[in-house]
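Encoded as structure tokens, the structure appears first; notes follow it.
Only heavy atoms go into these numbers, but all of them, side chains included; no hydrogens, no water, no symmetry mates.
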Amino acid sequence: MPGFAWYSHELCHWHDPGPGSGYVPVGPWVEPLRQFAVDPDLRRAEGLVRAYGVLDRFDCLTPEAATDEELETVHSAAHVARIEEASARGGGDAGVYAHVNYHSSRAARLAAGACAAAVRDVVGGGHDRAYCLVRPPGHHAEPDRAMALCLFNNVAVGARVARGMGLSRVMVLDWDVHHGNGVQKTFEEDPDVLYVSIHQDGLFPPNSGSVTETGVGAGEGSTLNIPLPAGSGHDAYLAAFTDVVAPAARRFRPELILVAAGVDASGHDPMGRMLCTSLTFHTLVRKVCDLAGELCGGRCVFVHEGGYSAWYQPMLVLGTASAIADLPAPEDPFRHSLDHLPGQRVQAHQRRVLDFLRDHHPLIR
């Protein structure tokens, strides 16, 4: 029985987006404050998964850094060089809100390398599923631009690795609270990679992730954006999956599902305004695993993206990991403050988004 693989690397924790308040660097009227997305949060997440006994269900593997050849299947050589140079200087902004330190280039290569290795592993039959708990995240990174904490586009590199292994169709599902503009831009003209994003409408980046963005040229229909209104919770996310994501996947029939598994759509996250809980992510992961079992021999790879609540991110990662490992949803002491909110039930204005996509998107209608 192949089982489950867990990819992580100590140096991923050494990346530091720099001093600031939230994602804003120190400057006029910005007092230094502990940054979001810093190493203790991800270490605490992995520690909770280990303490809960869930990590015992995984084979823990250490990835190699992505090569220039792998990175340049997505990014320009100039982009790769820019990240290297900024990191070698010891710090600075390598793009748009994409701050680095001395270790960042190596950490970013390891994050992309973990995704590449996980894809090779799962497609090659080494494991049924894989989870990459890595930093920095990647889904905002465009072919020639780093953006919003993202240096190299991890899931996009993984998708290109899968195509290079001979897979005809790859699906990337992204449920980070922000729209994955970098993934969309990479594949918007590619009919063989389906990009599906469930995100908060109008959050970030500006003017990105509309329902009208459905792909370009030969890729028309291979982009599917599900911009849910702020305040969407458990039922809205499950309805989005059941009513939109699953029908699109069944029409596309992928041979691998890659998931940009951000957890910043939680009700405790400071970088979004959604209401998801650990149960939401556990349920979504189980639905992905079931869908992969139906469509592509069970092959799916999950890659950590955003998550900025120091206290809740570990519980959300635990929920994700538990579902990958076929374990029940864990006890969650933070859920009681979210479960009772009316926003956990699907609302009429949320349903309108899903109905529009069901009736108008070229892959579903």
For this session: Indicate yes or no: at least one non-hydrogen side-chain atom of F302 is less than 4.5 angstrom from one of V155.
Result: no
Exercise. If you look only at pairs with a residue in residues 76-86, which of them pass as a side chain to side chain donor-acceptor pair (under 3.5 Å), with sequence neighbours excluded?
Worked result: S76-D144, E84-S105, E84-R109
Exercise. Which residue pairs pass the salt bridge (Lys or Arg N to Asp or Glu O under 4.0 Å) test when at least one of the two sits in residues 292-316, sequence neighbours left out?
Worked result: R250-E294
For this session: Compare all side-chain heavy atoms of N181 with those of S208 and state whether any distance is below 4.5 angstrom.
Result: yes
For this session: Could you grab the distance from atom CG of L338 to atom CG of L275, nearest 0.5 Å is fine?
Result: 6.5 Å
Exercise. If you count the non-hydrogen atoms of other residues, nucleotides and ligands that lie under 6.0 Å from CZ in R120, is the total more than 12?
Worked result: yes
Exercise. Relative to the ring of F152, is the ring of H75 parallel (under 30°), tilted (30 to 60°) or perpendicular (over 60°)?
Worked result: tilted
Exercise. Closest approach of Q184 and E213, non-hydrogen atoms and distance?
Worked result: NE2-OE1, 2.8 Å
Exercise. Do C132 and H304 come within less than 4.5 Å of each other through their side chains, counting heavy atoms only?
Worked result: no
For this session: Under the side chain to side chain donor-acceptor pair (under 3.5 Å) rule, what do S278 and D332 come out as? Steps first, then yes or no, please.
Result: CA-CA 7 Å; S278 62; D332 181 350; 2.6 Å; yes
Problem set entry | Any residue meeting side chain to side chain contact (heavy atoms under 4.5 Å, CB included) with A66, in chain and number order, not counting sequence neighbours | E70, L71, A112
For this session: Output all residues satisfying salt bridge (charged side-chain N to carboxylate O under 4.0 Å, His left out) with K185, sequence neighbours left out; order by chain, then residue number.
Result: E142
Exercise. In a check of side-chain contact (heavy atoms from CB on, under 4.5 Å) between M171 and each of L295, V245, L258, which one passes?
Worked result: V245
Exercise. Which heavy-atom pair separates V123 from M165 by the least distance, and what is that distance?
Worked result: CG1-CE, 3.6 Å
For this session: May I have the step-by-step check of side chain to side chain donor-acceptor pair (under 3.5 Å) for S197 and H179, ending in yes or no?
Result: CA-CA 7 Å; S197 176; H179 179 242; 4.6 Å; no
Problem set entry | Sequence neighbours excluded, every pair satisfying ring pair (Phe, Tyr, Trp, His ring centres under 6.0 Å) that has a member inside residues 102-127 | W14-H103
For this session: Measure from the side-chain N and O atoms of N101 to the backbone N and O of H15, and report whether any donor-acceptor pair falls under 3.5 Å.
Result: no
Problem set entry | L238 side chain reached by L284 side chain, heavy atoms, under 4.5 Å | yes
Exercise. Are any non-hydrogen side-chain atoms of Y131 and V301 less than 4.5 angstrom apart?
Worked result: no
Exercise. With distance as the sole test, does T283 use its side chain to make a donor-acceptor pair with the main-chain N or O of L279 at under 3.5 Å?
Worked result: yes
Exercise. What's the verdict on side-chain contact (heavy atoms from CB on, under 4.5 Å) for R160 and T186, showing C-alpha distance, side-chain angles and the deciding distance?
Worked result: CA-CA 10 Å; R160 285 276 161 81; T186 301; 3.9 Å; yes
For this session: Go through the structure and list residues passing side chain to side chain contact (heavy atoms under 4.5 Å, CB included) with T62, not counting sequence neighbours.
Result: H9
Exercise. Are the side chain of N154 and the backbone of C115 linked by a donor-acceptor contact shorter than 3.5 Å?
Worked result: no
Exercise. Sequence neighbours excluded, which residues qualify as side-chain hydrogen bond (donor to acceptor under 3.5 Å, both in side chains) partners of E72?
Worked result: none
For this session: Using the test side-chain hydrogen bond (donor to acceptor under 3.5 Å, both in side chains), find all partners of S8 that sit at least two apart in sequence or belong to another chain.
Result: E46
For this session: With the side chain counted from C-beta on, respond yes when C276 and Q344 share a heavy-atom pair under 4.5 Å apart, and no when they do not.
Result: no
Problem set entry | Set of residues satisfying side chain to side chain contact (heavy atoms under 4.5 Å, CB included) with respect to A88, sequence neighbours excluded | none
Exercise. Are D355 and R358 ion-paired here, with the side-chain N under 4.0 Å from a carboxylate O?
Worked result: yes
Problem set entry | Any residue meeting side chain to side chain contact (heavy atoms under 4.5 Å, CB included) with C296, in chain and number order, not counting sequence neighbours | I257, A292
Problem set entry | Nearest non-hydrogen partners of D192 and D190, listed with the distance | N-OD1, 2.8 Å
Exercise. Under the criterion side-chain contact (heavy atoms from CB on, under 4.5 Å), which of D326, V288, D121 is the partner of R129?
Worked result: D326
For this session: Would you indicate whether N207, at its atom CG, is surrounded by more than 12 heavy atoms from other residues, nucleotides or ligands within a distance under 6.0 Å?
Result: no
Problem set entry | Pair H178 and H199, ring centroids less than 6.0 Å apart | no
Problem set entry | Nearest-0.5 Å distance that lies between atom OG1 in T223 and atom NE2 in H361 | 7.0 Å
Seminar exercise, completed: side chain to side chain donor-acceptor pair (under 3.5 Å) pairs touching residues 228-239, sequence neighbours excluded, are S232-Q350, H234-T280
Problem set entry | Chi angles and distances behind the side-chain contact (heavy atoms from CB on, under 4.5 Å) call for L318, F281 | CA-CA 10 Å; L318 176 62; F281 293 111; over 6 Å; no
Problem set entry | Stepwise side-chain contact (heavy atoms from CB on, under 4.5 Å) test for L354 and L228 | CA-CA 9 Å; L354 307 182; L228 293 175; 4.1 Å; yes
For this session: Indicate the atoms forming the closest heavy-atom contact of L363 with A248, along with that distance.
Result: CD2-O, 3.6 Å
Exercise. Does any non-hydrogen side-chain atom of L194 lie less than 4.5 Å from one of V172?
Worked result: no
Problem set entry | Gap between atom CG of D264 and atom CD of Q200 - 0.5 Å precision | 9.5 Å
Problem set entry | Distance flag, aromatic centroids of Y312 and F334, threshold under 6.0 Å | yes
For this session: Just do the side chain to side chain donor-acceptor pair (under 3.5 Å) check on H268 and S266 with the steps written out, would you?
Result: CA-CA 5 Å; H268 289 300; S266 86; over 6 Å; no
Exercise. Tell me the ring pair (Phe, Tyr, Trp, His ring centres under 6.0 Å) pairs involving residues 200-226, sequence neighbours left out?
Worked result: H140-F204
For this session: State whether the side chain of H360 and the backbone N or O of F356 hold a donor-acceptor pair below 3.5 Å, judged by distance alone.
Result: yes
Exercise. Any chance CD of E64 has more than 12 other-residue heavy atoms, nucleotides or ligands included, within less than 6.0 Å?
Worked result: no
For this session: Start with the C-alpha distance between D59 and W6, add both sets of side-chain angles, then the distance that settles side-chain contact (heavy atoms from CB on, under 4.5 Å), and finish with yes or no.
Result: CA-CA 6 Å; D59 292 328; W6 180 280; over 6 Å; no
For this session: Hey, could you give me the CZ/CZ distance between R169 and R253, rounded to the nearest 0.5 Å?
Result: 7.5 Å
Problem set entry | N/O donor-acceptor pair under 3.5 Å between N225 side chain and V211 backbone | no
For this session: To the nearest 0.5 angstrom, please state how far the SG atom of C289 sits from the CZ atom of F4.
Result: 8.0 Å
Exercise. Are side-chain heavy atoms of V303 and V134 found at a separation under 4.5 Å?
Worked result: yes
For this session: Compare every heavy atom of H282 with every heavy atom of A329, then report the nearest pair and how far apart it is.
Result: N-NE2, 3.2 Å
